[in-house]
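Down below is the structure, laid out as structure tokens.
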There are 2 protein chains.
Amino acid sequence: MTPQNIDYQRYLQELQQSPFLKDSSTKSLNRLLSQMTVEHWSAKSFKNSLEVASTFHFIVSGRLKVFKSNPDSGREHTVFVLSDGDVFDVLSLLDSEPHDVYWEALDVLEVLKIPMAQMRLWINEYPAMHKAILYYLGDRMRQLMDVATDVTLHSTLVRLAALLLKNINGETNKLQLINNLPNDEIAGLIGTTRSVVSRHIQELKRCGAISVSRKKINVKNLEVLLSIAEENYIP
Amino acid sequence: MTPQNIDYQRYLQELQQSPFLKDSSTKSLNRLLSQMTVEHWSAKSFKNSLEVASTFHFIVSGRLKVFKSNPDSGREHTVFVLSDGDVFDVLSLLDSEPHDVYWEALDVLEVLKIPMAQMRLWINEYPAMHKAILYYLGDRMRQLMDVATDVTLHSTLVRLAALLLKNINGETNKLQLINNLPNDEIAGLIGTTRSVVSRHIQELKRCGAISVSRKKINVKNLEVLLSIAEENYIP
DNA sequence: CCAGAACAGCCCCCTAGGTACCACTTCTAA
DNA sequence: TTAGAAGTGGTACCTAGGGGGCTGTTCTGG
């Protein structure tokens with residue numbers, strides 16, 4: 001991509017705001033962007049690990065879920081929801097081992113892509129990047145540990161309440177990152193099924209914690225949600 | 001520790017065999033070892049994240065489980081079992097954020113320790129280490145993703161069978177890393193409770209997949225275990 | 001503007017797996 | 001050596017939550 005591109009400045013700005021690239025100089029980011037191309041993924045488009053392995057992606061806008069699935073039962077478990085400023089796949093960047101993960105766009109997705117090999121070269125030119133990557137990975141690992149243990153340590157209701165709390169914008173009290181998701185997707189996020197989520201949403205409505213309109217959850221009472229998430233709620 | 005130490009050579013050898021340090025020169029490892037001290041943890045001794053945060057540990061012998069727990073219900077979920085050549089805590093090495101994880105020795109544990117700050121200095125002197133760390137982290141992240149999704153995607157029986165298969169020594173057909181563990185600990189590894197494990201062990205005995213003596217499981221029939229782990233077993 | 005898809009809200013049923021209790025075995029200290 | 005404690009394993013009972021289905025409503029694309 002050349003600086004003549006209409007969206008060039010917007011892309012550059014997005015790169016600068018990314019936690020993954022936050023310590024990089026504008027000059028190095030310009031160099032990076034010059035090697036990238038844009039791609040638009042339609043909502044619900046779907047890739048597996050192999051397709052993604054040889055290209056490094058940077059999300060400009062939209063949301064992407066990273067999940068594993070059991071083809072026999074059809075069940076899915078979402079591990080991450082990535083959005084603006086996130087990158088994938090970090091693991092393919094570190095080594096070339098495959099892993100059976102799937103990616104699916106939750107909205108229309110705008111990504112910048114660059115061949116994996118070129119990305120590796122770019123990183124080696126800027127040793128400061130190693131630290132940034134380690135930091136980014138550390139953050140992801142913490143999240144993963146929580147996902148890994150949540151299912152066994154907490155009930156589905158507690159997990160749902162915790163999910164809502166985790167994704168509330170402190171000022172507006174509105175959901176972010178997981179807003180406008182159908183019950184299906186919420187179920188995947190807490191490792192259960194749609195019907196259970198639906199059932200619990202009714203419970204939360206009943207005790208005044210939330211109100212609901214189609215694909216939209218509004219948090220009404222933080223205290224109640226908190227007490228549920230901390231497991232000292234007697235319904 | 002000085003080279004005069006009786007166990008010095010043994011420790012050096014262990015360091016060389018570690019996947020974490022495998023690309024380091026003998027010279028650099030000698031420098032590292034000189035700054036380390038030995039410590040012995042008795043079986044079942046117990047540390048939390050805060051105690052471990054400021055010191056970097058390297059396991060010489062013995063096993064250590066890394067787990068999260070829910071104090072209310074008393075349930076635990078083991079995320080990793082570390083042993084010879086493994087190190088902890090890698091996350092505290094990357095940044096100084098706390099994470100609520102616990103460590104507990106499964107056997108008598110022999111560790112080499114070094115202040116975290118010194119370890120960071122050592123790493124910065126050997127830039128090749130960055131790559132090794134990234135690789136090591138990548139490996140751990142893959143494992144974590146599996147742990148995270150296993151619970152929702154597979155039944156407890158399938159997870160138990162998979163656990164056994166994952167830990168069988170190819171030649172001797174004996175369990176390693178998870179041998180001599182009580183049902184309690186096995187339960188923690190697959191995210192369930194002791195009684196469920198006990199029940200499934202009875203099933204596996206009944207269909208000839210394993211035989212059992214106190215704290216010891218012997219794998220008798222790999223095919224049966226495999227078909228269970230792949231979910232095409234009709235009990 | 002309409003047909004079909006996507007989505008949420010119930011149901012009911014039913015079993016995987018968690019709780020609780022008991023029984024046996026091994027260890028420890030007197 | 002022996003009583004108790006601690007560690008370990010087996011099992012009967014019960015419930016959280018998964019499966020499937022059916023309805024009404026809203027959204028989407030032709």
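Just so we're on the same page: letters track the sequence lines, and every chain starts at 1.
B:K205 comes within 4.0 angstrom of the backbone, heavy atoms only, and of no base. In this structure, B:S198 reaches the bases: a heavy-atom distance under 4.0 Å links it to at least one base atom across the strands shown. Backbone-only engagement by B:T156 is indicated by non-hydrogen atom pairs under 4.0 Å involving sugar-phosphate atoms exclusively.
Residues that satisfy the ring-ring contact (aromatic ring centres under 6.0 Å, His included) test with A:Y136, not counting sequence neighbours, are A:F20. Listed by chain and number, the residues in a side-chain hydrogen bond (donor to acceptor under 3.5 Å, both in side chains) with A:Q16 are A:T26 (sequence neighbours excluded).
The distance between atom CD of B:E76 and atom P of C:dG18, rounded to the nearest whole Å, is 15 Å. Distance B:E203 CD to D:dT11 P: 12 Å, rounded to the nearest Å. In this structure, the CD atom of A:E185 is 10 Å from the P atom of C:dA8, given to the nearest Å. Atom CZ in A:R194 sits roughly 12 Å away from atom P in D:dG19 (whole-Å rounding). In this structure, B:D184 atom CG and D:dT8 atom P are separated by 7 Å, rounded to whole Å. Atom-to-atom, CD of A:Q202 to P of D:dG17 comes out at 16 Å; the value is rounded to the nearest Å. With rounding to whole Å, B:R75 atom CZ is found 6 Å from C:dT19 atom P. One atom, CG of B:N183, and another, P of C:dG17, lie 16 Å apart when rounded to the nearest Å.
Judged by distance alone, with hydrogens and angles left aside, the side-chain atoms of B:N70 form a donor-acceptor pair with the main-chain N or O of A:L153 at under 3.5 Å.
Residue-to-nucleotide proximity on DNA chain D shows that, of A:S155 and A:S195, the 5′-proximal contact is made by A:S155.
At the phosphate of D:dT8, OP1 or OP2 sits under 4.0 Å from a side-chain N or O atom of B:K215.
Contact of B:R199 with C:dG17 (side chain to base): a donor-acceptor pair of N or O atoms is detected under 3.5 Å.
Between A:F88 and A:H57, the ring planes are parallel. Angles under 30° get that label, and only those over 60° would be called perpendicular.
For A:R10 and A:E110, the salt-bridge test passes: some basic side-chain N is under 4.0 Å from an acidic carboxylate O. B:K68 and A:D146 are joined by a salt bridge, as a carboxylate oxygen and a charged side-chain nitrogen come within less than 4.0 angstrom of each other.
Near DNA chain C, defined here as any heavy-atom distance below 4.0 Å, there are no residues from residues 173-181 of chain B.
Side-chain contact between B:D95 and A:R142 is present, with heavy atoms from C-beta onward closer than 4.5 Å.
Of the candidate nucleotides D:dG19, D:dG17, D:dG9, D:dG19 has the atom nearest to the side chain of A:T193.
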